[in-house]
Number of protein chains: 2
Amino acid sequence: MAPRAASKTAESSDKVGVICRALRRAIIEQALEPGAKLPEDSLGERFGVSRTIARHALGQLAAEGLVELRRNRIAVVATPSWQEARDAFDIRIELERLVVRQLAGKLTKAQVAALNAHVDAEDAARGGADAVSIRLATEFHILLASMTNSPILVRYVSEVAYRCCLTLSLYSRPHSSECGVTEHRAIIAALVKGDEPRVMSLMQRHLDSVATRALVAPAPQRGRDLLDILAPYAEEDGAERVVKMAKVVRAR
Amino acid sequence: MAPRAASKTAESSDKVGVICRALRRAIIEQALEPGAKLPEDSLGERFGVSRTIARHALGQLAAEGLVELRRNRIAVVATPSWQEARDAFDIRIELERLVVRQLAGKLTKAQVAALNAHVDAEDAARGGADAVSIRLATEFHILLASMTNSPILVRYVSEVAYRCCLTLSLYSRPHSSECGVTEHRAIIAALVKGDEPRVMSLMQRHLDSVATRALVAPAPQRGRDLLDILAPYAEEDGAERVVKMAKVVRAR
DNA sequence: CCCGCCTCAATTGCATGCACTTTGTCGCGC
DNA sequence: GCGCGACAAAGTGCATGCAATTGAGGCGGG
């Protein structure tokens, strides 16, 4: 039902892919909040596979930045810093501008129909659970990307969109995520008209507004961020001092 | 020695990371050509680990698009299509424009020194092996990205740069890869001057020239591409016919 | 009462073993 | 001579087992 493009990277193997998709969805629907623990055994038991598979799935998700893998410690859902959230949105804006640039005026009727159907679904889900509407909004962007028919672009847009979704659950106020179905419709319209500059500008402003609406102030040290704050000081990398210095400075 | 930013995603665990880095490097230096087989046992034996670890490493590399994982078949170094190569470069241009935009006028002296040192190394390696100079050219861009101090951006730039590197070994003529050390120097200069529009334009043209110089015509069916050509026709996905149709059309 | 140490359960890191799938090859029948 | 089917070798898919590391709670000392 969900027009999810089966990314044929690695996880299509079978069970690993199932677990990945399930966890991704649980994360972006905020059923799993950032910081939630993900022990290998529990996952394995829950999905009826061995730890080996669960572990592999966690590896994939870690590569996507959705979970954090610490050596000899339980894996947890990633807790991106506020700065990382901003960075993710910056990248997302560029990538999605590229998407709409490639798509402007080139959509088939069937594709336009699919997009409209999706936005209708978004509208329909407006009254329902918050989590679902967030997921649908994200999937709209992924659907758009999949129409470029560039597997690489699809992959990156998906990844970064998921990451942004994750940050929303960290830094946005509860009900501020009216991800603008109206704006989605406007984008579709501009795409159909083939107005390339306009659709790029629309997309940029759309994402920018989501980011600024969602990413409220740097969150005055909520919870156990102490560890995170101290992290850059405890680096023992030994290579490239330049970058480290810059990191410390930037972290304020 | 190599100023490689230790991406703390997943593979930093230990052995998996070692294998990943080794394979990445072997791939971008073209010691492993696209299509080369990567059996789990051989890798495990070569690196002194079990198949489990080798398998995990292959999984990570597959997630990066460097190797291709086919169910029940030996993993191989990825063989991107010509179109995918173009797409990768398109994405890369956007990402690296973002890099230099963030960096313009904000480099510390130490960072400038590091960049200059790297370009010097590129110059020095000019007479040596082709593979090394290609790797150094790629690493220049990664070094640049690492200075943004945005882990996400570093990751994406690295990945896509590696992918581009991979395509070069497929579609470029042997000695056309003078990746323009001069252009690297020009970019550094513009960065120092803080001329944002100019450095963005420089970067765009630099990458564009690499792409067009390297990605010569769609390669008149070299080798066993038959399979790849037939692939889209043999799809049995069953979901989302729209995209599939577009794919067939686009594949010409 | 608080702090440090020590032991133990929980959990990961990794290797090995077995079943299944694919592939290359040999032999048989036409 | 040629296609075709069975067999063997190679390789992956996955589970399980064991060692190592970590985190927590209890215990004793200050």
Side-chain angles (χ1 to χ4, degrees), chain A residues 6 8-23 32 35-63 66-79 223-224 226-228 230-231 234 236, chain B residues 6 8-23 32 35-63 66-79 223-224 226-228 230-231 234 236:
Chain A
K8 205 182 295 182
T9 50
E11 75 204 34
S12 64
S13 44
D14 226 1
K15 319 205 184 182
V16 174
V18 171
I19 300 180
C20 279
R21 277 186 288 274
L23 285 183
L32 289 172
K37 291 181 184 174
L38 302 169
E40 297 175 357
D41 333 1
S42 315
L43 291 178
E45 188 182 5
R46 181 66 190 78
F47 288 97
V49 297
S50 86
R51 279 201 311 122
T52 308
I53 304 305
R55 182 185 188 73
H56 202 82
L58 286 175
Q60 297 293 313
L61 292 172
L66 287 186
V67 322
E68 220 164 308
L69 238 43
R70 303 110 94 211
R71 186 171 179 86
N72 281 320
R73 309 271 303 277
I74 304 179
V76 295
V77 176
T79 310
R224 60 207 173 71
L226 269 290
L227 298 173
D228 300 335
L230 260 50
E236 30 67 65
Chain B
K8 205 182 296 182
T9 51
E11 74 205 35
S12 65
S13 44
D14 226 2
K15 319 206 183 181
V16 174
V18 171
I19 300 181
C20 278
R21 277 186 287 273
L23 287 182
L32 288 172
K37 294 181 183 174
L38 302 169
E40 297 174 357
D41 317 336
S42 316
L43 290 179
E45 190 181 4
R46 182 66 190 77
F47 288 97
V49 297
S50 86
R51 279 201 311 122
T52 309
I53 305 305
R55 182 185 188 74
H56 203 80
L58 286 175
Q60 297 293 314
L61 291 172
L66 287 186
V67 323
E68 219 164 310
L69 240 41
R70 303 110 93 210
R71 187 171 178 85
N72 282 321
R73 307 271 303 276
I74 303 179
V76 294
V77 176
T79 309
R224 61 207 172 71
L226 269 291
L227 297 174
D228 299 335
L230 261 49
E236 30 68 66

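For clarity, every value in this text was computed on a predicted model and none was experimentally measured.
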When the distance from CD1 of A:I53 to P of D:dT12 is rounded to whole Å, what number comes out?
-> 15 Å

What's the NZ-P distance between A:K15 and C:dC20, to the nearest Å?
-> 12 Å

Whole-Å distance between D:dC14 P and B:L69 CG?
-> 11 Å

Residue whose closest nucleotide on DNA chain D lies nearer the 5' end, B:I74 versus B:T52 = B:I74

Could you please spell out the steps behind the side chain to side chain contact (heavy atoms under 4.5 Å, CB included) verdict for A:Q60 and A:I19?
-> CA-CA 10 Å; A:Q60 297 293 313; A:I19 300 180; over 6 Å; no

When rounded to the nearest 0.5 angstrom, what is the spacing between OG in A:S50 and CG in A:D41?
-> 10.5 Å

Looking at the side chain of B:R55, which of D:dA15, D:dT12, C:dT16 is the nearest nucleotide?
-> D:dT12

For B:H56 and D:dC14, what is the distance between atoms NE2 and P respectively, to the nearest whole Å?
-> 15 Å

Would you mind reading off the distance between A:R70 atom CZ and C:dG13 atom C1', rounded to a whole angstrom?
-> 16 Å

Rounded to whole Å, CG of B:D14 lies from C1' of C:dT12 at a distance of 13 Å

Of B:G48 and B:K37, the one whose nearest nucleotide on DNA chain C sits closer to the 5' end is B:G48

Between B:E40 and A:V49, whichever has its closest DNA chain D nucleotide further toward 5' is B:E40

A:E68 has an atom CD; how far is it from atom C1' of C:dT12, in whole Å?
-> 16 Å

From NE2 (B:H56) to SG (B:C20), nearest 0.5 Å = 8.0 Å

Return no unless some side-chain N or O of B:R73 is found under 4.0 Å from OP1 or OP2 of D:dT12.
-> no

Looking at D:dC14, C:dT12, C:dT22, which one has an atom nearest to any side-chain atom of B:R71?
-> D:dC14

Please determine which of B:L38, B:I74, B:L58 meets the side-chain contact (heavy atoms from CB on, under 4.5 Å) test together with B:L69.
-> B:L58

Is there side-chain contact between A:L66 and A:L23, with at least one heavy-atom pair below 4.5 Å?
-> no

Atom CD1 of A:I19 to atom P of D:dG13: distance rounded to whole Å?
-> 15 Å

Answer yes or no: does a side-chain N or O of B:R51 lie under 4.0 Å from OP1 or OP2 of C:dA15?
-> no

